[in-house]
Chemist: 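Dropping the structure in here first, questions after.
Every number for a ligand or one of its atoms is a count from 1 in the order of the listing.
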Amino acid sequence: MTKIHKPNSTTMFKRAIDNMPLGVADSYRYWGEENTVFLSSMKGCTITDCDSQTFVDFRLAYGPIILGYRDERVDNEVINAITSVGTISGFSTGLDSDVVELVKSLCPNIDKMRFSNSGTEAVIGAVRTARGFTKRNKIVVVEGGFHGLHDEVMWKSDVDNWDVNAQEVPNIIPFGGGIPQSTREHQVSVPLNDSDAIDAVFAKHGNDIAAILIEPIMGNCGSIASTQEYMQKLRDICDANGSLLIMDEVKTGFRVAKGGAQSLYGIHADLTTYAKAIGNGYPVACFGGRADVMDTISFDKNGVTHGGTYTANMVALSAAKATLTVLKETDALETINLTGQAIQALLSRVFTKFGIEHCFAGPDAMFGVHFGPSVPQNYRDWKQTNSDLYTQFALNLIDNGVMLEPDSREPWFICEAHQTMDLKWLEQVAEKSMEAAINASDL
Ligand SMILES: Cc1ncc(COP(=O)(O)O)c(C=O)c1O
């Protein structure tokens with residue numbers, strides 16, 4: 001990113017750095033002293049920074065915005081709920097069941113559900129429920145997957161520092177300080193789409209595996225997806241060993257299809273987590289699945305405890321009800337898919353023009369862009385793509401008014417409001433950005 005003079009952003013950052021570590025409320029929002037973004041408004045598919053630069057946004061807050069920023073169909077329901085009913089009371093209203101019934105009507109994998117406030121909390125709830133049901137501890141996770149910021153899943157495969165030519169598997173390292181080694185005790189990780197690896201893990205630990213926890217389409221690893229065969233393999237191996245299959249659909253749920261990734265595979269998880277698109281930007285999440293598994297949440301002696309002060313508050317529930325109703329009753333997701341296809345087509349024209357080998361991973365509503373000859377099958381394959389060229393291209397796009405994460409592990413997110421954008425303009429900007437990326441270096 002070139003440093004464009006942004007006086008208001010500079011002032012904002014100087015103030016923020018005295019108030020918050022790194023000057024931001026979430027460490028991933030820190031883009032360096034000169035480039036950390038401060039916004040003044042968001043609308044539709046655009047965001048405007050405090051220096052009045054407007055961007056078409058494909059980052060969409062890491063995925064929650066499915067309809068568009070400030071969508072009145074959702075906002076009006078929230079305003080109505082909090083002004084006519086209230087926010088929280090520590091008791092239930094009928095709105096809880098309204099939302100669960102909507103989810104059940106879209107997702108046949110859900111019999112019963114519980115709410116939470118974030119994807120992280122939903123994963124914690126699902127894993128605890130799986131452990132309570134199976135009375136086992138071990139969780140199998142997939143390299144390159146992301147399941148939120150709680151200690152137990154804050155261990156990652158260090159592919160960044162891995163030598164692709166070495167025979168060794170990548171090291172597993174913590175996200176940083178403050179994560180006790182003991183939180184790794186019950187976790188085993190495997191590369192995606194490697195049937196032998198999952199067989200070996202079950203041969204060694206089968207009797208103690210509570211669950212496989214997987215993003216079916218890795219929304220935090222360039223939308224690299226499980227193959228149909230691999231997903232079936234996971235389903236079968238869980239069934240054969242009395243383990244549960246947990247699909248983390250925090251990014252894919254209510255985005256890649258009305259019934260999420262599971263409806264694309266035709267394979268059901270025992271437990272599923274949802275967040276992000278379920279509320280079009282309002283903080284709402286949930287987990288659910290088989291009734292017999294979910295009913296482990298109880299006051300029995302060995303029952304699983306779940307809850308929280310803000311769980312199923314009226315802001316969250318009314319936003320979810322409104323968003324799910326729009327997704328269920330309109331062709332918003334079809335519109336999103338068509339827009340995603342058109343954007344991939346124009347990007348492909350640009351990459352081809354410059355002779356760049358490229359491929360797209362994942363569904364049209366959240367596609368990954370990879371510079372290489374074939375779609376990566378797992379995180380280790382991603383390392384072989386030209387991600388440095390992608391980063392340079394993305395930084396140039398940002399300079400030219402297109403916002404996205406400058407890391408090819410984060411997909412391009414599409415919302416319904418993108419249908420109004422000028423695709424010719426985007427193609428011109430993409431061309432200019434790729435030309436500059438190539439000229440800037442010999443990447
Ligand atoms: C697949 C997945 N699971 C869990 C989470 C954690 O969600 P949250 O940030 O709402 O805690 C994320 C966040 O990006 C995610 O992508």
Chemist: Examine R15 relative to F13 and say whether NZ or CZ is less than 6.0 Å from the centre of the six-membered ring and inside a 45° cone about the ring axis.
Modeler: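 The answer is no; the distance or angle limit is not met.
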Chemist: Could a heavy atom of K276 be found less than 4.0 Å from some atom of ligand 1?
Modeler: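 Distance cut 4.0 Å: K276 passes for ligand 1.
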Chemist: Out of all atoms in ligand 1, which are within 4.0 Å of some heavy atom of G119? Include the element for each.
Modeler: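 What qualifies from ligand 1 is 6 (C), 7 (O), 8 (P), 10 (O), 11 (O).
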Chemist: So which heavy atom in the protein is nearest atom 11 (O) of ligand 1, and how far is it from that ligand atom?
Modeler: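 Ranking protein heavy atoms by distance from atom 11 (O) of ligand 1, first comes T120 OG1, 2.5 Å.
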Chemist: Is any side-chain heavy atom of D75 less than 4.5 Å from a side-chain heavy atom of Y69?
Modeler: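 Sidechains of Y69 and D75: no contact.
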Chemist: For the residue pair W412 and F58, does the interplanar ring angle fall in the parallel (under 30°), tilted (30 to 60°) or perpendicular (over 60°) class?
Modeler: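 Aromatic pair W412/F58 classed tilted.
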Chemist: Measure up the F371 and F351 rings against each other and bin them: parallel (under 30°), tilted (30 to 60°), perpendicular (over 60°).
Modeler: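 The rings of F371 and F351 stand perpendicular, inter-plane angle above 60°.
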Chemist: Quick one, D295 with K112, criterion salt bridge (Lys or Arg N to Asp or Glu O under 4.0 Å). Give me CA distance, side-chain angles, the key distance, then yes/no.
Modeler: CA-CA 8 Å; D295 283 337; K112 288 194 173 181; 3.0 Å; yes
Chemist: Within a distance under 4.0 Å of any heavy atom of S118, pick out the atoms of ligand 1 and give their elements.
Modeler: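 Near S118, the atoms of ligand 1 are 10 (O), 11 (O).
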Chemist: Please determine whether any non-hydrogen atom of F146 lies less than 4.0 Å from an atom of ligand 1.
Modeler: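 Heavy atoms of F146 do come under 4.0 Å of ligand 1.
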Chemist: Measure up the W382 and Y379 rings against each other and bin them: parallel (under 30°), tilted (30 to 60°), perpendicular (over 60°).
Modeler: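 Geometry flag for Y379 against W382: tilted rings.
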Chemist: Using a strict 4.0 Å cut-off to heavy atoms of D248, name the atoms of ligand 1 that fall inside it.
Modeler: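 Every atom of ligand 1 under 4.0 Å from some heavy atom of D248: 1 (C), 2 (C), 3 (N), 4 (C).
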Chemist: G148 heavy atoms, cut-off 4.0 Å: which ligand 1 atoms fall inside?
Modeler: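 Here the atoms of ligand 1 in question are 4 (C), 5 (C), 6 (C).
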Chemist: Cation-pi check, K276 to Y62: give yes when NZ or CZ is under 6.0 Å from the six-membered ring centre and within 45° of the ring axis, no otherwise.
Modeler: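 Not flagged: K276 not positioned over aromatic ring of Y62.
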Chemist: What residue and heavy atom of the protein are closest to atom 16 (O) of ligand 1, and at what distance?
Modeler: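 In this structure, atom 16 (O) of ligand 1 has N220 ND2, 2.9 Å as its nearest protein heavy atom.
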Chemist: Near E215, which atoms of ligand 1 are under 4.0 Å from a heavy atom of that residue?
Modeler: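 Counting atoms of ligand 1 from 1, those under 4.0 Å from E215 are 1 (C).
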Chemist: Among D26, L149, V250, which one puts a heavy atom closest to atom 15 (C) of ligand 1?
Modeler: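 Minimum heavy-atom distance to atom 15 (C) of ligand 1 goes to V250.
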